[in-house]
Each structure stands twice: as structure tokens, then as C-alpha cells.
Amino acid sequence: MMTQAFLRYLICIALFLNFIFAVINVGLPYIVVEHLHLGNVTLGILNSADALGMLIGNLIISVSPELRHLAKILTITMIIIGTGLMGVGTLLMVAFDKLMVQLVGSLMLFSVGMSLVFMNTPFGIYMQKTVPTELMGRVSSTEMSLNMMSISLGTVFYSFIFQLIPNGSVFIVSGIILVAVTGLTMPSFMHIQMPTSDQDPKRADLQHR
């Protein structure tokens with residue numbers, strides 16, 4: 001991994017995204033059920049929309065041509081996720097009508113769920129094409145352990161934050177941070193493409209230089 005700058009970046013972004021995404025896992029139940037008293041049905045609809053977005057995203061990827069412009073795809077998806085978080089936060093702050101939260105919130109979380117697929121799947125493919133087979137197990141297990149750690153840390157962090165700020169502003173700030181990090185870090189990797197099966201991984205990682 002030390003020779004693959006873009007792979008290191010992808011792993012760091014995955015850790016950061018898992019940390020940020022805990023805002024949904026922690027914040028939605030707390031705000032929708034406990035703070036706004038919109039009921040478990042509303043929460044179930046919002047979570048289902050997120051899961052449906054992932055399902056549709058996987059179906060789209062399965063019938064699409066091979067993804068090539070990896071960095072551009074990741075940039076777009078992270079901006080969509082960040083914008084979706086800001087939209088959900090704004091909705092939870094200004095809309096107290098149950099039907100509006102269900103409809104508009106579902107559309108936003110559907111887009112977030114679909115965008116996550118367009119990040120996770122290319123990331124997995126890039127790892128398979130750049131990490132030597134004999135190292136794949138160790139790299140995958142390390143990456144998985146780090147992801148689990150970031151999810152746990154994010155859960156603890158947002159549980160504390162929502163006790164202090166029980167409203168949608170936490171979603172908005174999290175979305176802004178995600179978009180800002182994307183804008184600051186991704187441009188240097190914009191020319192990275194998915195390596196072909198017979199391409200030297202080091203060449204794929206250096207194409208943008």
C-alpha cells in the first residue's frame with residue numbers, strides 16, 4: 001500500500017466516510033422518533049429508502065459498462081452524499097409534517113444509498129486490481145478492521161453530539177465537512193483511472209503526474 005498513493009487515499013476516505021455516516025445511524029432514530037415524535041413507521045420508511053437506493057445502485061452497476069474514471073465517480077458520489085446529508089438535516093429542522101419528512105427524506109436517503117454503492121463497488125474493484133493476490137487477505141482484513149473501528153468511533157462521537165445538539169444542524173455540518181474534504185483532496189487524483197487487468201498498478205497510480 002505504501003507504493004499506492006491513491007489506494008491509501010481511498011482507505012482514508014472510507015474510514016472518514018464510515019465515521020461521518022454514523023450521523024445517519026445515530027441521528028435518524030434519535031431525531032425522528034425521540035425529538036420530533038414522528039414514529040417508528042417514518043423511521044422505517046427512511047431506512048428502507050436508503051436500503052432501496054443501495055439495491056437499485058447495485059442493479060445499475062451490474063448492467064453498466066466497466067467503470068473507468070474512478071476518481072471522478074468518487075468525487076460525484078461523495079458530493080451527492082454530502083449534499084444529501086445537508087438536505088436531510090435541513091428537512092428535519094424546517095419540516096415537522098410527517099408526510100413531507102417521509103416523502104422528501106426518502107428521496108434524499110435513496111440518493112445517498114445509491115451513491116454509496118457507486119463508491120464501494122469501484123473501491124473494491126480497484127483494490128482487487130492493485131493489491132497483489134498474496135497480500136489481498138492481509139490488506140482486506142486490515143481495511144475491514146479499520147472500518148469497524150471508525151464506525152464505532154463515529155457512533156460514540158455522534159451519540160455525544162446529539163445529546164448536546166438534538167437537531168438537523170449536525171447533519172448539515174457533517175455534509176459540509178464531507179463536501180469540503182472532497183473538494184480539498186480529490187482534485188490531485190482526478191486523472192486516476194481504473195487499471196486494466198494487464199496494466200501495471202504503479203502506472204495506473206502515477207497517470208495523473
Notebook entry, point to check: Does the pair S174 and Y158 meet the rule for a side-chain hydrogen bond (donor to acceptor under 3.5 Å, both in side chains), with working shown?
Noted result: CA-CA 10 Å; S174 299; Y158 281 109; 2.8 Å; yes

Item checked: Trace of the side-chain contact (heavy atoms from CB on, under 4.5 Å) decision for F110 with L52 -> CA-CA 7 Å; F110 178 87; L52 182 61; 3.9 Å; yes

Next item on the list: Could you walk me through whether L46 and L28 pass the side-chain contact (heavy atoms from CB on, under 4.5 Å) test, one step at a time?
Entry: CA-CA 9 Å; L46 296 176; L28 273 184; 4.1 Å; yes

Next item on the list: Report the C-alpha separation of L146 and M149 in whole Å, then their side-chain angles, then the decisive distance to 0.1 Å, and conclude whether the side-chain contact (heavy atoms from CB on, under 4.5 Å) test is met.
Entry: CA-CA 5 Å; L146 291 174; M149 180 183 68; 3.9 Å; yes

Item checked: Verdict with reasoning, F19 to I151, per side-chain contact (heavy atoms from CB on, under 4.5 Å) -> CA-CA 5 Å; F19 182 90; I151 292 172; over 6 Å; no

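Cluster membership check: V41 does not share its hydrophobic cluster with L103, using side-chain heavy-atom separations under 4.5 Å among Ile, Leu, Val, Met, Phe, Trp and Tyr. By the rule that hydrophobic residues join a cluster once side-chain heavy atoms approach within less than 4.5 Å of another member, L74 and F16 end up as members of one cluster. A continuous path of ILVMFWY side-chain contacts below 4.5 Å connects L36 to V33, so both sit in one hydrophobic cluster. A single hydrophobic cluster is seen to contain both I161 and I20, as judged by linkage of ILVMFWY side chains at heavy-atom distances under 4.5 Å, directly or through other members. V170 is connected to I177 through a chain of hydrophobic side-chain contacts under 4.5 Å among Ile, Leu, Val, Met, Phe, Trp and Tyr, so both are in one cluster.
Pairing each heavy atom of N18 with each of S150, the nearest pair is CB-OG, 3.3 Å. Closest of all the heavy-atom pairs between I81 and S115 is CG1-CB, 3.6 Å. Nearest heavy atoms, M54 versus V117: O-CG2, 3.3 Å. Closest approach of I73 to F118, counting heavy atoms only: CG2-O, 3.5 Å. Summarising the geometry of M108 relative to S111, their closest heavy-atom pair is O-OG, 2.6 Å, with the distance given to 0.1 Å. Across all non-hydrogen atoms, the minimal contact from S169 to I165 is OG-CG2, 3.4 Å.
A distance of 11.0 Å separates OG1 in T42 from CG in N47, rounded to the nearest 0.5 Å. Considering CG of N167 and CD1 of I172, their distance stands at 8.0 Å, rounded to 0.5 Å. Separating the CG atom in L99 from the CG atom in L38 is a distance of 11.0 Å, to the nearest 0.5 Å. Between the CG atom of L43 and the CD atom of E34 there is a distance of 10.0 Å, given to the nearest 0.5 Å. How far OG1 of T77 is from CG of L116: 8.0 Å, rounded to the nearest 0.5 Å. To the nearest 0.5 Å, atoms CG (L178) and CE (M78) are separated by 4.5 Å.
Considering only heavy atoms from C-beta on, M100 comes within 4.5 Å of L91 through its side chain. Using a 4.5 Å cut-off on side-chain heavy atoms (C-beta onward), L109 and I24 make contact.
At distances below 3.5 Å, not a single donor-acceptor pair connects side-chain atoms of H35 with backbone N or O atoms of Y30.
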